[in-house]
Amino acid sequence: MHIREVQLQATVASHREGPKAPWPQIAFAGRSNVGKSTLLNALFGRPLAATSKHPGKTRTINYYLVNRSLFFVDLPGYGYARVAQSERAGWGKRITDYVTSEDRLKLVVSLVDPRIPTSPLDEDLLALLRRCGREFFVVMTKSDCLGRGALAAAAQRLRRDLALPEAPLAVSARTGEGTKELLGHLAAVSAPRRAGGEGAG
Ligand SMILES: Nc1nc2c(ncn2[C@@H]2O[C@H](COP(=O)(O)OP(=O)(O)OP(=O)(O)O)[C@@H](O)[C@H]2O)c(=O)[nH]1
Ligand SMILES: [Mg+2]
């Protein structure tokens with residue numbers, strides 16, 4: 001997929017207040033600080049999404065309209081300890097609500113940090129996605145921060161712990177590693193469905 005055009009279309013607290021357009025949505029989910037917003041900026045080739053070295057930057061659901069035909073959705077990060085328990089529970093509910101009830105959601109890109117032990121929060125997200133029958137694609141962020149051997153070991157661990165059919169894709173917003181492959185994977189989702197395929201209408 002080539003991103004010719006992108007703009008921030010909506011910033012909302014709940015997906016129910018999100019854009020009404022029928023375009024498919026691809027959501028980016030992961031723990032706070034894993035690099036969702038930074039990866040989106042790398043894919044866009046422009047710093048549209050606000051990022052921070054402190055966790056808890058993105059607290060709303062942000063919709064980016066790509067090529068006037070597809071939304072990339074930047075979700076609030078989960079697992080950020082330094083917010084009130086009530087707000088954390090609220091985020092979990094909002095993400096769960098979005099994932100379980102948004103018809104236009106076609107794919108969830110699940111971002112995981114290869115530098116830390118497999119997170120139960122990431123396991124929870126994948127369990128939710130599997131329960132709802134959602135398509136997902138796992139990527140390891142910040143690949144520039146690990147040596148090749150450590151990255152390969154993390155990929156095997158995550159594949160095993162998260163019961164993935166293949167090793168997660170390594171990406172880096174800093175070096176650009178994996179971003180072309182990721183866009184290639186997303187293109188399959190955004191391509192118009194053939195007649196008779198699901199998702200028509
Ligand atoms: N070295 C390196 N740092 C990265 C990379 N991607 C993100 N970061 C850093 O990680 C920190 C968090 O990035 P964000 O994109 O704000 O993370 P987020 O997942 O959107 O976080 P929340 O909005 O809190 O959920 C920032 O300091 C980024 O510069 C990467 O590929 N390589
Ligand atoms: Mg963010």
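These numbers were taken from a predicted model, which means no experiment stands behind them. As the structure lists them, so they are numbered: ligands from 1, and atoms in each ligand from 1.
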Less than 3.5 Å between some nitrogen or oxygen of [X] and one of ligand 1, yes or no?
X    : answer
G56  : yes
P55  : no
A173 : yes
G77  : yes
S143 : no
T51  : no
K57  : yes

If you measure from each non-hydrogen atom of T58 to ligand 1, which part falls under 4.0 Å: side chain, backbone, both or neither?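 Answer for T58: both.
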Under 4.0 Å from ligand 1, counting heavy atoms only, is it the side chain of S52, its backbone, both or neither?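 It is the backbone that touches ligand 1; the side chain stays farther off.
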Selected option - heavy-atom contact closest to [atom], from [options]:
atom                    : options               : value
atom 17 (O) of ligand 1 : A29, A49, G35, S172   : G35
atom 3 (N) of ligand 1  : R174, R59, M140       : R174
atom 24 (O) of ligand 1 : G178, G176, S32, A170 : S32

Element-labelled atoms of ligand 1 that are located less than 4.0 Å from some non-hydrogen atom of [X]:
X    : result
S37  : 15 (O), 20 (O)
C145 : 1 (N)
V34  : 19 (O)

By the definition side-chain contact (heavy atoms from CB on, under 4.5 Å), identify the one residue from V138, T141, L125 that meets it with L111.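 Per the side-chain contact (heavy atoms from CB on, under 4.5 Å) rule, the option paired with L111 is T141, out of V138, T141, L125.
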Look at [atom] and say which protein heavy atom is nearest, naming residue and atom and giving the distance to 0.1 Å.
atom                    : result
atom 6 (N) of ligand 1  : T38 CG2, 3.5 Å
atom 5 (C) of ligand 1  : K142 CG, 3.6 Å
atom 27 (O) of ligand 1 : K53 CA, 3.2 Å
atom 21 (O) of ligand 1 : N33 N, 2.9 Å
atom 19 (O) of ligand 1 : K36 NZ, 2.7 Å

For [X] and [Y], test the side chains for any donor-to-acceptor distance below 3.5 angstrom and give the result as yes or no.
X    : Y    : answer
T11  : T60  : no
D144 : T175 : no
Y98  : Q25  : yes
Y78  : D122 : yes

Roughly how far, to the nearest 0.5 Å, is [atom2] of [Y] from [atom1] of [X]?
X    : Y    : atom1 : atom2 : value
L126 : S110 : CG    : OG    : 4.5 Å
R157 : T118 : CZ    : OG1   : 4.0 Å
N67  : F72  : CG    : CZ    : 8.0 Å
L151 : R148 : CG    : CZ    : 5.0 Å

What about F71 and Y64, are their ring centers closer than 6.0 Å? no
Nearest non-hydrogen partners of L43 and I3, listed with the distance: O-CD1, 3.6 Å
Residue pair L182 / L169: nearest heavy atoms and the distance that separates them: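 What the structure gives for the nearest pair is N-CD2, 3.8 Å.
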From the Mg ion (ligand 2) out to just under 2.8 Å, does an N/O/S atom of S37 turn up?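 Short answer: yes, at least one N, O or S atom is under the cut-off.
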Confirm or rule out an N/O/S atom of T58, from backbone or side chain, lying less than 2.8 Å from the Mg ion (ligand 2). yes
Does I116 share a hydrophobic cluster with M140, counting links as ILVMFWY side-chain heavy atoms below 4.5 Å and allowing steps through other members? no
With the threshold set at under 4.0 angstrom, would you say D144 reaches ligand 1 through any of its heavy atoms?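 Heavy atoms of D144 do come under 4.0 Å of ligand 1.
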Give every residue pair that meets the ring-ring contact (aromatic ring centres under 6.0 Å, His included) criterion with at least one member in residues 141-176, sequence neighbours excluded. none
